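What follows is one structure encoded as structure tokens, with my remarks underneath.
Just so you know, ligand 1 is whichever comes first in the structure, and atom 1 is the first atom listed for that ligand. Because the structure is a prediction, the values reported are computed rather than measured.
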Amino acid sequence: MVFLFLCDADRGSIFAQAFAEHLPEVRFSMQPDQVAPDEVRFIMTWKPPADLDRYKNLEAIFCIGAGVDQFSGAAIPDGVKLIRMVDQSITRMVTEYVIMAVLSLHRNLHVYIDQQRHRTWHEIVPQPQSADRRVSVLGLGVLGQAALHHLKGFGFQLSGWSRSARTIEGVACHSGEAGLASMLAQTDILICLLPLTKDTAGILDKDLFEKLPRGASLVQAGRGRQLDADALLAALDAGHLSGAFLDVTDPEPLPSDNRLWSHPKIVITPHIAAITQPQSAAMTTIDNLRLLRAGEDPKGLVDRAEFQVV
Ligand code: GLV
């Protein structure tokens, strides 16, 4: 029984050690040409491999990242499970990113950085206090809930939106179309942590920005295709929005002549909010393999019908 690792060798060597120590009965390999395709039961990869049909006995594909939109449309046989990475390293790093961006927007760091470039000493007062700042999260899965949990400590007014209704202590939870509109109307800092699906592609558009109060700002750590960049630039230029942190763009890397780069109210990071850390991800994967082999659902099992992206 082979677990084929098709990601970078640096992380692969850490996975290999963890497998040797904790799951020696499964043969770990990073060399597709050195294993018999029929023996491959599990593959770990970031993108669907082109030659998937070689592996007739494949049981599951493990994605090394949290997002699986890149698998949409891939010819994965029906019986093969797709499992995304639900790992504490990703959750912690996304939470750090969200806290960094929210505090930066809350305390006008993006404006002060721009002022520094122009050697301008100008205090933005009055500084709103956290208890008066309304922070909302789109997407209440593992990542959204973790971010909200840590944001609570700063005393912000918290809301969250998800497709189906949820209850989270200390968070005003909204769902559905009407819930989205009423949450947006009461949001100063909007955080997008949604997966990319046919329903969320292009969700951060003119219509959504118009529902936010004047002066609101955006943290985009979902997927690039969710954002209408022209609508964001127009909303920033009109002063309707006051700032944005973008960790994801469309395309990636963002071409050097793209206007998003030079906009003074935008901070861009190159899709680094979370980078799967191999030590903990290897243990998460091993735990999942144990669940699979016991006939149970692994953590992060993807409902593939839900993840189709158009
Ligand atoms: C990063 O965006 C991931 O999906 O892990």
Is Ala274 in polar range of ligand 1, meaning some N or O pair under 3.5 Å apart? no

Which of the numbered atoms in ligand 1 are under 4.0 angstrom from any heavy atom belonging to Trp46? 4 (O)

For Arg223 and ligand 1, does the shortest N/O to N/O distance drop below 3.5 Å? yes

Indicate, as side chain, backbone, both or neither, the part of His271 found under 4.0 angstrom from ligand 1 when only non-hydrogen atoms are considered. side chain

Donor-acceptor pair, Arg11 side chain versus Thr276 backbone, under 3.5 Å? yes

Between Arg134 and Asp188, does any NZ, NE, NH1 or NH2 come within less than 4.0 Å of an OD or OE carboxylate oxygen? yes

Do Thr197 and Asp199 get their side chains close enough for a donor-acceptor pair, meaning under 3.5 Å? no

Nearest protein heavy atom to atom 5 (O) of ligand 1, by residue and atom, and its distance? Ala66 N, 2.7 Å

Under 3.5 Å, side chain of Trp161 to main-chain N/O of Glu177, donor-acceptor pair present? no

Interfacing atoms of ligand 1 (cut-off 4.0 Å, heavy-atom, Gly67): 3 (C), 4 (O)

Checking Phe3 against Phe62 for the ring-ring contact (aromatic ring centres under 6.0 Å, His included) test, could you report, in this order, the C-alpha distance in whole Å, the side-chain angles of both residues, the deciding distance, and whether it holds? CA-CA 10 Å; Phe3 184 103; Phe62 289 80; 5.6 Å; yes

